[in-house]
Amino acid sequence: MARRIVLALAVVLALLAPSVARAQSTSDLIYAELDAWWAAAFAERGLSYSSPRLELVDAPGTDFCGFLDSFAVPAAYCPSSNEITISTGFVGPDSLIALLTLISHEWGHHIQIQTDTGVGSAIEYELQADCFAGAFIAYATESDLINPVIGTLALQLTQAAGDVWWAVPFDEAIHGTQSERAIAFLAGQNGGLEACGF
Ligand SMILES: [Zn+2]
C-alpha cells in the first residue's frame with residue numbers, strides 16, 4: 001500500500017506542478033520496479049542480467065539506433081545501445097498507464113536480447129513482449145504497486161494499439177491484431193512469465 005501511495009503521490013504532484021523538478025519521476029518509479037522484478041526473475045533462473053537505459057525524449061531530432069528519430073515513435077528499444085525511449089510527443093511524462101504499458105513492453109525486447117526466450121519471428125517477439133508486460137503488471141497489481149484499474153487500462157491500451165498507432169511508413173504490421181495482443185497480454189497477466197515461455 002505504501003508504495004502505491006508513493007506512486008499515486010508522484011502522479012498527483014506532477015499534475016499539480018508539472019514544471020517543478022521532482023526527486024523521482026513516474027518513469028523512474030516504473031523503471032526501478034521493472035528492473036528489480038526482472039533482476040529477480042533472472043537470478044531465479046541462474047542467468048546474468050543487465051539493466052537497460054531509459055530515456056524520455058522531448059524534442060525531435062534525437063537519433064535512435066542510427067535510423068530513427070525517437071521523438072517520431074511512441075516508444076522503442078535499441079539493442080545496440082540497450083536503450084528504451086519514450087516520446088513525450090505521444091506520452092505525457094507522468095502518464096502512469098501509458099508509461100507502464102509502453103516501458104514494460106519495450107523492456108521485454110531488452111530481455112529478448114539478454115537471453116534466448118524461445119521466440120523467432122517478428123510477431124513472436126512482439127506478442128511475447130506483450131505477455132511479459134502483462135506478467136509484470138499482474139505482479140505490480142498483486143504487490144499493491146498499482147490499482148487493479150490501472151492494470152485493466154494497460155490491457156485496453158495494448159489491445160487498442162494493435163498495429164494502428166505504430167503506423168509509420170516503414171513499419172511493418174508486426175505487432176499482431178488487437179485480439180492477438182490482448183490474448184498475449186492476458187496470458188502473462190494470468191500465468192506469469194512461465195506462460196510467456198520464459
Ligand atoms: Zn515491441
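Computed from a predicted model, the values in this text were never measured in an experiment. Each ligand, and each atom within it, is numbered from 1 in the order the structure gives. In what follows, every heavy atom counts, from backbone to side chain, and hydrogens, waters and symmetry copies are set aside.
For Glu106 and Arg53, the salt-bridge test fails: no basic side-chain N is under 4.0 Å from an acidic carboxylate O.
Closest N/O/S atom of His105 to the Zn ion (ligand 1): NE2. Its N, O or S atom nearest to the Zn ion (ligand 1) is what matters here, and for Glu126 that atom is OE1. Checked against the Zn ion (ligand 1), the N, O or S atom of His109 at the shortest distance is NE2.
Between Phe71 and Thr88 there is a side-chain heavy-atom pair separated by less than 4.5 Å.
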Walk me through whether Asp69 and Asp63 qualify under side-chain contact (heavy atoms from CB on, under 4.5 Å).
CA-CA 5 Å; Asp69 183 336; Asp63 177 65; over 6 Å; no

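Residue Trp107 forms a side-chain contact (heavy atoms from CB on, under 4.5 Å) with just one option from Phe136, Phe132, Trp38, Tyr77, and that option is Trp38.
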